Amino acid sequence: MSRIFCNFEVQTKKYKSPMLTHKGTNIFSEIGIFFKEKDVTGAMNTIMNMAKVLRLSEKRLFGTESKCNCKLTQLQVLGLLLLFPCFMIRNAYNYGRSSLYGKFSCKKDVFYRFLSEDAHDWRKILATVSGQLWRKIQEERTSETTSPVCLMVDDTDYPKRGFHAELIGKVYSHVTHSMMLGFKGLFLGITDGFSQLLLDFAIVGEEGKRKNYGMKQEQLDDRFCKEHAEGSHTAERVKEYDESKITLMIEMIRRIIKRGIRFDYILADSWFACSEIIRFVTSRHIKCHYLGMIKMGRTKYTYNGKEYSSNQLVAMLGKPKHGRKYSRRLGCYYITADVGFAGRKVRLFFCRRGKWAKCNGLITTNRNLDFLEAYRIYSMRWSLEVVFKDSKQNLGLGKYQMRHFASQVAMTAITAMQYNLLSTARRFSDYETIGGLFKDAVTGSKEITITDRIWGMILELVGEIAQCFNIEDNQILDMLVNKSDKLAHFVKLYQYKIAS
């Protein structure tokens with residue numbers, strides 16, 4: 001891949017093009033700095049410089065080498081696709097009208113064939129790129145870094161407009177609280193408090209009780225269909241489409257451990273808090289723990305030999321003499337309870353902003369963790385929401401209007417690689433002193449990290465709003481991350497405050 005970037009750099013030294021613009025006033029952004037209006041070549045130069053330090057082999061990535069009569073190799077096509085957002089190229093169809101076409105002329109079919117190829121193992125390709133970046137990050141990581149390394153699991157919406165895409169269906173959106181046409185992208189990310197990388201993903205649907213994906217029969221019949229070779233990588237992805245998110249999450253974590261990536265915590269929301277996950281985490285040979293929210297429902301926990309639901313535990317332990325405490329730093333009441341769940345010993349935390357406010361719960365397999373530290377570590381999960389917002393706003397995550405399911409998978413992997421390259425560059429330009437490997441790729445000074453910004457918001461703005469209006473913290477953070485354009489005035493004030 002370095003060959004295409006080296007050639008392209010020589011040919012575009014004098015090139016200046018209008019690129020994707022981004023309002024840099026939003027503190028919840030990790031890579032937006034590369035898309036500022038006054039820095040039109042920032043993202044392009046960063047992706048090229050970062051890609052050149054990777055050791056990528058065409059045979060290793062794709063299993064075969066390109067034929068000698070090919071105008072562009074597979075590695076060169078991948079390199080061009082990585083640069084698409086830098087030239088406002090929305091898809092392969094628009095490539096012929098872009099300035100990039102003048103440097104590497106090829107037809108749109110070159111990209112469509114490449115993206116729809118069933119033989120390409122995009123999970124392996126993403127793992128190769130993200131694995132190299134993560135190892136370099138760990139090599140440069142200073143001994144002063146105290147934040148734990150955490151895996152983060154969450155899903156995000158892929159809204160679509162047409163009914164003709166392969167496997168298209170309706171899914172429930174937790175953002176709009178309604179059914180929408182599209183897919184769900186289930187992602188596994190990793191963070192050490194400075195950088196966030198996307199390590200793995202699966203594109204899934206929701207079959208529903210009627211097993212019709214929320215659509216009418218004529219709509220199902222209009223979907224594009226393609227026979228995938230048995231055992232091909234796309235066929236494996238199609239099988240994942242109907243699997244449960246719990247099963248996919250466990251499989252993704254297994255692959256991460258097998259690749260030698262080590263972590264301290266797995267962070268997830270209440271959707272993933274179940275007995276299968278707790279048993280899986282506690283049975284690993286590596287020292288890791290689970291930390292996530294729980295639903296205040298009917299799930300039973302064993303306390304002093306008896307079974308109680310979460311609400312029953314709160315009612316029993318919710319008085320000062322029975323264990324309720326107050327955290328001045330977070331401005332909330334909390335309860336700590338060591339219980340049994342799924343045959344394992346776990347610790348539960350319950351917290352509420354006021355005596356009569358709604359109660360939230362956390363569960364962890366680390367029974368040595370105190371409430372404040374658990375809350376701080378769990379807040380790191382919100383950096384994955386920032387990854388989703390940045391990737392959708394600047395890189396077009398999930399906005400691919402392609403009918404081939406293989407192409408949806410391919411473009412998701414490419415977007416993840418784009419984000420990982422930019423996020424790694426941001427780390428060594430603004431968050432840490434520049435290491436030897438990256439000293440020629442990035443320049444700049446230290447800045448406050450995303451996880452620190454989120455924690456600062458929780459301690460000040462989120463805590464105040466939640467206490468005054470009895471609103472849950474996660475609802476406020478969701479608005480700040482996903483609807484911050486409407487709250488730009490308050491975000492600017494907070495950004496000015498932390499800067500001064």
Side-chain angles (χ1 to χ4, degrees), residues 57-67 70 73-75 77-78 81 92 109-131 155 158 160 162-171 182-188 199-208 210-215 217 219-259 276 398 400-417:
S57 163
E58 187 172 70
K59 190 171 184 179
R60 181 182 177 187
L61 288 181
F62 302 103
T64 58
E65 293 184 354
S66 301
K67 297 179 181 179
C70 290
T73 66
Q74 297 175 98
L75 209 53
V77 175
L78 176 59
L81 286 166
D109 292 342
V110 171
F111 299 105
Y112 286 131
R113 282 196 300 267
F114 176 79
L115 294 171
S116 61
E117 177 58 57
D118 289 345
H120 290 165
D121 187 356
W122 287 103
R123 178 163 280 137
K124 177 183 176 182
I125 296 170
L126 175 59
T128 301
V129 174
S130 60
D155 59 8
Y158 277 24
K160 303 297 179 183
F163 288 90
H164 301 293
E166 185 179 5
L167 298 180
I168 194 72
K170 289 187 178 180
V171 295
F183 304 103
K184 284 277 188 179
L186 178 65
F187 285 85
L188 179 69
L199 300 180
D200 203 349
F201 70 91
I203 299 179
V204 299
E206 295 177 359
E207 192 175 29
R210 298 182 181 179
K211 301 186 182 301
N212 62 351
Y213 301 97
M215 299 199 299
Q217 187 59 46
Q219 294 172 332
L220 292 173
D221 295 337
D222 284 342
R223 297 191 302 181
F224 173 75
C225 294
K226 180 183 178 182
E227 289 293 331
H228 301 286
E230 186 67 27
S232 67
H233 297 295
T234 303
E236 293 300 318
R237 292 283 191 168
V238 172
K239 290 179 182 178
E240 292 179 350
Y241 182 78
D242 288 321
E243 288 190 28
S244 74
K245 295 177 185 177
I246 300 297
T247 302
L248 292 173
M249 171 186 176
I250 291 175
E251 290 302 316
M252 283 193 277
I253 296 173
R254 277 202 177 103
R255 286 191 289 267
I256 294 301
I257 295 174
K258 190 175 181 180
R259 284 161 48 192
E276 294 91 337
Y400 331 115
Q401 301 298 331
M402 300 174 177
R403 63 178 186 174
H404 288 267
F405 189 71
S407 300
Q408 297 285 341
V409 172
M411 285 305 301
T412 300
I414 290 170
T415 303
M417 285 186 279

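All values reported here derive from a predicted model rather than from experimental measurement.
Shown here are the side chain to side chain contact (heavy atoms under 4.5 Å, CB included) partners of A119, two or more places apart in sequence or in another chain: E117. Looking at residues two or more places apart in sequence or on another chain, you find a ring-ring contact (aromatic ring centres under 6.0 Å, His included) between F224 and H404. Partners of F114 under the ring-ring contact (aromatic ring centres under 6.0 Å, His included) rule, at least two apart in sequence or in another chain, are F62, H120, W122. Residues satisfying the salt bridge (Lys or Arg N to Asp or Glu O under 4.0 Å) test with R254, not counting sequence neighbours, are E251. Residues forming a side chain to side chain contact (heavy atoms under 4.5 Å, CB included) with H233 (at least two apart in sequence, or on another chain): D121. In this structure R259 satisfies the salt bridge (Lys or Arg N to Asp or Glu O under 4.0 Å) test with no other residue, sequence neighbours excluded. For F111, the ring-ring contact (aromatic ring centres under 6.0 Å, His included) test picks out F84, Y95, with sequence neighbours left out. Looking at residues two or more places apart in sequence or on another chain, you find a side chain to side chain contact (heavy atoms under 4.5 Å, CB included) between N212 and R210, L220. The salt bridge (Lys or Arg N to Asp or Glu O under 4.0 Å) test applied to R223 returns no partner, not counting sequence neighbours. Legend: residues meeting side-chain hydrogen bond (donor to acceptor under 3.5 Å, both in side chains) with S57, ordered by chain and number and at least two apart, are absent. Remark: D155 pairs with K184, L186, K245 by the side chain to side chain contact (heavy atoms under 4.5 Å, CB included) rule, at least two apart or across chains. Here E227 pairs with nothing under the salt bridge (Lys or Arg N to Asp or Glu O under 4.0 Å) rule; sequence neighbours left out.
With rounding to the nearest 0.5 angstrom, the OG atom of S116 is 12.0 Å from the CD atom of Q408. Expressed to the nearest 0.5 Å, how far OG of S130 lies from CD1 of I256 amounts to 6.5 Å. For the atom pair I125 CD1 and L61 CG, the distance stands at 5.5 Å (nearest 0.5 Å). The CD1 atom of I253 sits 10.5 Å away from atom CG of D200, with the distance rounded to the nearest 0.5 Å. With rounding to the nearest 0.5 Å, the separation of CD1 in I257 from CE in M252 is 13.0 Å.
Two residues are said to be in side-chain contact when any heavy atoms from C-beta on lie closer than 4.5 Å; T128 and R60 meet this criterion. Side chains of F183 and I168 form a contact here, defined as non-hydrogen atoms less than 4.5 Å apart. At least one side-chain heavy atom of Q401 sits under 4.5 Å from a side-chain heavy atom of K160. L115 has its side chain out of reach of Y400: every pair of non-hydrogen atoms, C-beta onward, lies at least 4.5 Å apart. Residues E236 and R123 form no side-chain contact, since every pair of their non-hydrogen atoms from C-beta on lies 4.5 Å or further apart. In this structure, M249 and L188 have side chains that are not in contact, with every pair of non-hydrogen atoms separated by 4.5 Å or more. Looking at heavy atoms from C-beta onward, R237 lies in side-chain contact with F405 at the 4.5 angstrom threshold.
Of the N and O atoms on the side chains of H228 and D118, at least one donor lies less than 3.5 Å from an acceptor on the other residue. The closest side-chain donor-acceptor pair between K59 and Q74, if any, does not fall under 3.5 angstrom.
E58 places a side-chain N or O within donor-acceptor distance of the main-chain N or O of L75, the cut-off being under 3.5 Å. In this structure a side-chain-to-backbone donor-acceptor pair under 3.5 Å is missing from H164 to R403.
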(request) Apply side-chain contact (heavy atoms from CB on, under 4.5 Å) to T234 and V409, showing your working. (result) CA-CA 8 Å; T234 303; V409 172; over 6 Å; no
(request) In sequence, state the C-alpha distance, the side-chain angles, and the governing distance for S244 and T247, and then conclude on side-chain hydrogen bond (donor to acceptor under 3.5 Å, both in side chains). (result) CA-CA 5 Å; S244 74; T247 302; 2.8 Å; yes
(message) What verdict does the side-chain contact (heavy atoms from CB on, under 4.5 Å) test give for L126 and F201, after you've listed the backbone C-alpha separation in whole Å, the side-chain angles of each residue and the deciding distance to 0.1 Å?
(response) CA-CA 10 Å; L126 175 59; F201 70 91; 3.8 Å; yes
(request) Please report the C-alpha distance between L199 and F187 in whole Å, then the side-chain angles of each, then the deciding distance to 0.1 Å, and finally whether the side-chain contact (heavy atoms from CB on, under 4.5 Å) criterion is met. (result) CA-CA 8 Å; L199 300 180; F187 285 85; over 6 Å; no
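Shortest non-hydrogen contact noted between K170 and G214 is CD-O, 3.3 Å.
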